[in-house]
Enquirer: 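Before we start, here is the structure in question, set down as structure tokens.
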Amino acid sequence: MKNTIAIIGCGNLGKAILHGLVEDEHISATNLYATKRHPEDIESFRSSGVKISNDNHEAVKSSEILVFGLKPYTILNVLEELKEDLDPSRHIVVSLATGISIRQIKDVIGMEIPVVRAMPNTASDVMESLTCLCTESENPEILAKVQYVFDCIGTTIVIDENLMESATVLGACGIAYVLRFIRAMIQGGIQIGFDSVTASKIVTQTVKGASELLIQRKNHPEFEIDKVTTPRGCTIVGINEMEHNGFSSALIKGLIASFEEIEK
């Protein structure tokens with residue numbers, strides 16, 4: 001891919017994306033820009049050929065695909081500062097900000113410039129992100145270019161904008177929920193006799209294997225669960241005990257609570 005890409009506001013998620021892009025063989029690191037108020041935090045990428053700066057204006061003028069990895073409470077102010085640098089004929093604005101609509105972004109920019117909202121997750125650091133995309137642009141080339149960028153760090157799906165907040169909870173916040181589940185499994189493994197290193201290896205591979213079963217077989221989770229829950233076996237006893245203590249209910253309530261927080 002020959003388009004120049006700038007990540008404006010390269011925080012934790014931005015760094016994960018940048019790392020994935022640097023690792024991709026089809027993207028030259030010399031076509032990548034990354035900015036941060038304190039650029040020393042991302043200085044390590046410079047040796048790969050990435051242009052590092054705290055000058056957003058320079059990065060915008062030198063790039064075509066602009067990925068804004070800014071917080072929802074800062075992105076509109078930064079766009080206001082940069083709108084004179086934007087060119088509708090060459091720029092694509094990509095926003096990672098939760099809860100900020102395409103219409104809000106266009107109202108600040110004040111011009112008909114292509115805008116795409118993207119919601120990746122931090123698994124982009126190991127090129128295993130699930131990124132949800134949406135746009136109002138009717139030009140298929142716009143979405144194709146942005147998809148190419150995020151396909152380099154995992155898998156992309158295109159959704160309606162009214163589902164972007166739900167995508168944030170399920171895909172981005174979901175990383176934390178899964179990691180907390182994994183941590184709990186490791187703690188349980190230690191309690192029943194394993195050392196922490198061995199417990200971690202068993203649990204992480206088990207979670208990976210469970211995911212691959214669903215991805216490759218395309219079965220409902222309950223179908224795979226039924227294979228393990230033999231009559232009067234230890235698996236069904238464990239599942240029932242977890243459910244008696246609100247396992248599924250607690251997870252669903254957590255998802256809804258996160259969604260409601262975004263919707264405030």
Side-chain angles (χ1 to χ4, degrees), residues 1-83 85-87 90-98 100 102 105 108-109 113-133 135 142-143 145-154 156 164 168 171-172 175:
M1 185 180 188
K2 295 182 179 179
N3 293 97
T4 46
I5 304 163
I7 300 177
I8 309 296
C10 199
N12 289 333
L13 184 54
K15 283 193 286 186
I17 294 169
L18 185 59
H19 182 264
L21 293 175
V22 167
E23 292 295 311
D24 186 84
E25 61 182 11
H26 300 297
I27 293 180
S28 171
T30 57
N31 285 342
L32 300 175
Y33 287 75
T35 71
K36 196 173 183 183
R37 183 176 299 175
H38 301 291
E40 59 271 16
D41 293 342
I42 53 174
E43 190 64 33
S44 60
F45 289 99
R46 191 184 296 276
S47 61
S48 300
V50 179
K51 298 174 180 64
I52 304 299
S53 174
N54 60 2
D55 188 340
N56 291 336
H57 295 279
E58 176 192 2
V60 168
K61 291 175 182 177
S62 302
S63 305
E64 295 157 299
I65 299 174
L66 311 175
V67 180
F68 286 84
L70 300 165
K71 300 294 184 184
Y73 53 82
T74 62
I75 185 171
L76 296 180
N77 290 335
V78 172
L79 284 169
E80 179 70 36
E81 295 171 2
L82 296 174
K83 66 181 182 181
D85 300 322
L86 296 174
D87 180 353
R90 61 185 289 263
H91 282 136
I92 300 172
V93 171
V94 182
S95 169
L96 310 184
T98 300
I100 303 299
I102 292 172
I105 292 170
V108 170
I109 294 173
I113 194 165
V115 176
V116 179
R117 287 181 65 187
M119 183 45 60
N121 60 42
T122 53
S124 54
D125 194 38
V126 291
M127 290 177 279
E128 288 291 346
S129 176
L130 185 284
T131 303
C132 292
L133 302 171
T135 185
I142 299 299
L143 191 57
K145 286 181 179 181
V146 177
Q147 271 192 287
Y148 187 96
V149 171
F150 288 96
D151 279 343
C152 291
I153 56 171
T156 58
M164 282 301 286
T168 301
I175 285 281

Enquirer: Measuring from Leu21:CG to Phe150:CZ, what's the distance to the nearest 0.5 Å?
Expert: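 So the gap between those two atoms works out to 8.0 Å.
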Enquirer: Are the side chains of Leu96 and Ile17 in touch, meaning some heavy atoms are under 4.5 Å apart?
Expert: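 Heavy-atom side-chain distance check passes, below 4.5 Å.
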Enquirer: Can you tell me how far the OG atom of Ser28 sits from the CD1 atom of Ile5, to the nearest 0.5 Å?
Expert: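 Answer rounded to 0.5 Å: 10.0 Å.
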Enquirer: Are the side chains of Thr30 and Lys51 in contact, using a 4.5 Å heavy-atom criterion?
Expert: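 Result yes, sub-4.5 Å side-chain heavy-atom pair found.
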Enquirer: With a 4.5 Å limit on heavy-atom distance, are the side chains of Glu23 and His19 in contact?
Expert: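 Yes, at least one pair of side-chain atoms sits under 4.5 Å.
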Enquirer: Check this for me: does any side-chain nitrogen of one of Lys61 and Glu58 sit under 4.0 Å from a carboxylate oxygen of the other?
Expert: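 Salt bridge absent between Lys61 and Glu58.
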Enquirer: State, yes or no, whether a side-chain contact exists between Thr4 and Glu64 at a heavy-atom distance under 4.5 Å.
Expert: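 SC-SC contact between Thr4 and Glu64 confirmed.
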Enquirer: Side-chain contact test, heavy atoms from C-beta onward, threshold under 4.5 Å: evaluate it for Leu13 versus Thr122 and give yes or no.
Expert: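 Yes, side chains in contact.
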Enquirer: More than 12 non-hydrogen atoms from neighbouring residues, nucleotides or ligands closer than 6.0 Å to NZ on Lys71, yes or no?
Expert: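 No - once you tally the heavy atoms of other residues, nucleotides and ligands closer than 6.0 Å, there are 12 at most.
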Enquirer: With rounding to the nearest 0.5 Å, note down the distance linking CD in Glu40 to NE2 in His38.
Expert: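 Nearest 0.5 Å value for the CD-NE2 distance: 6.5 Å.
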Enquirer: Is the closest side-chain heavy-atom distance between Leu66 and Leu86 below 4.5 Å?
Expert: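 Side chain of Leu66 against side chain of Leu86, heavy atoms only: contact under 4.5 Å found.
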Enquirer: Identify which one of Thr131, Leu133, Thr156 satisfies the side chain to side chain contact (heavy atoms under 4.5 Å, CB included) criterion when paired with Pro120.
Expert: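 Filter result, single survivor: Thr131.
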Enquirer: Does the side chain of Glu81 come within less than 4.5 Å of Asn56's, by heavy atoms?
Expert: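 Not in contact.
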Enquirer: Could you state the interatomic distance from NE2 (His91) to CG (Leu82), rounded to the nearest 0.5 Å?
Expert: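 So the NE2 of His91 and the CG of Leu82 are separated by 10.0 Å.
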Enquirer: Quick one: OG1 on Thr135 to CD1 on Ile102, what's the gap to the nearest 0.5 Å?
Expert: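 If we round to the nearest 0.5 Å, Thr135:OG1 and Ile102:CD1 are 5.0 Å apart.
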Enquirer: Counting neighbours of CG on Asp41 that are heavy atoms of other residues, nucleotides or ligands and sit closer than 6.0 Å, is the number greater than 12?
Expert: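 Yes - once you tally the heavy atoms of other residues, nucleotides and ligands closer than 6.0 Å, there are more than 12.
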Enquirer: One pair to check against side chain to side chain contact (heavy atoms under 4.5 Å, CB included): Phe45 and Leu32. What are the steps and the verdict?
Expert: CA-CA 10 Å; Phe45 289 99; Leu32 300 175; over 6 Å; no
Enquirer: Less than 4.5 Å apart, any side-chain heavy atom of Val60 and any of Tyr33?
Expert: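 Sidechains of Tyr33 and Val60: no contact.
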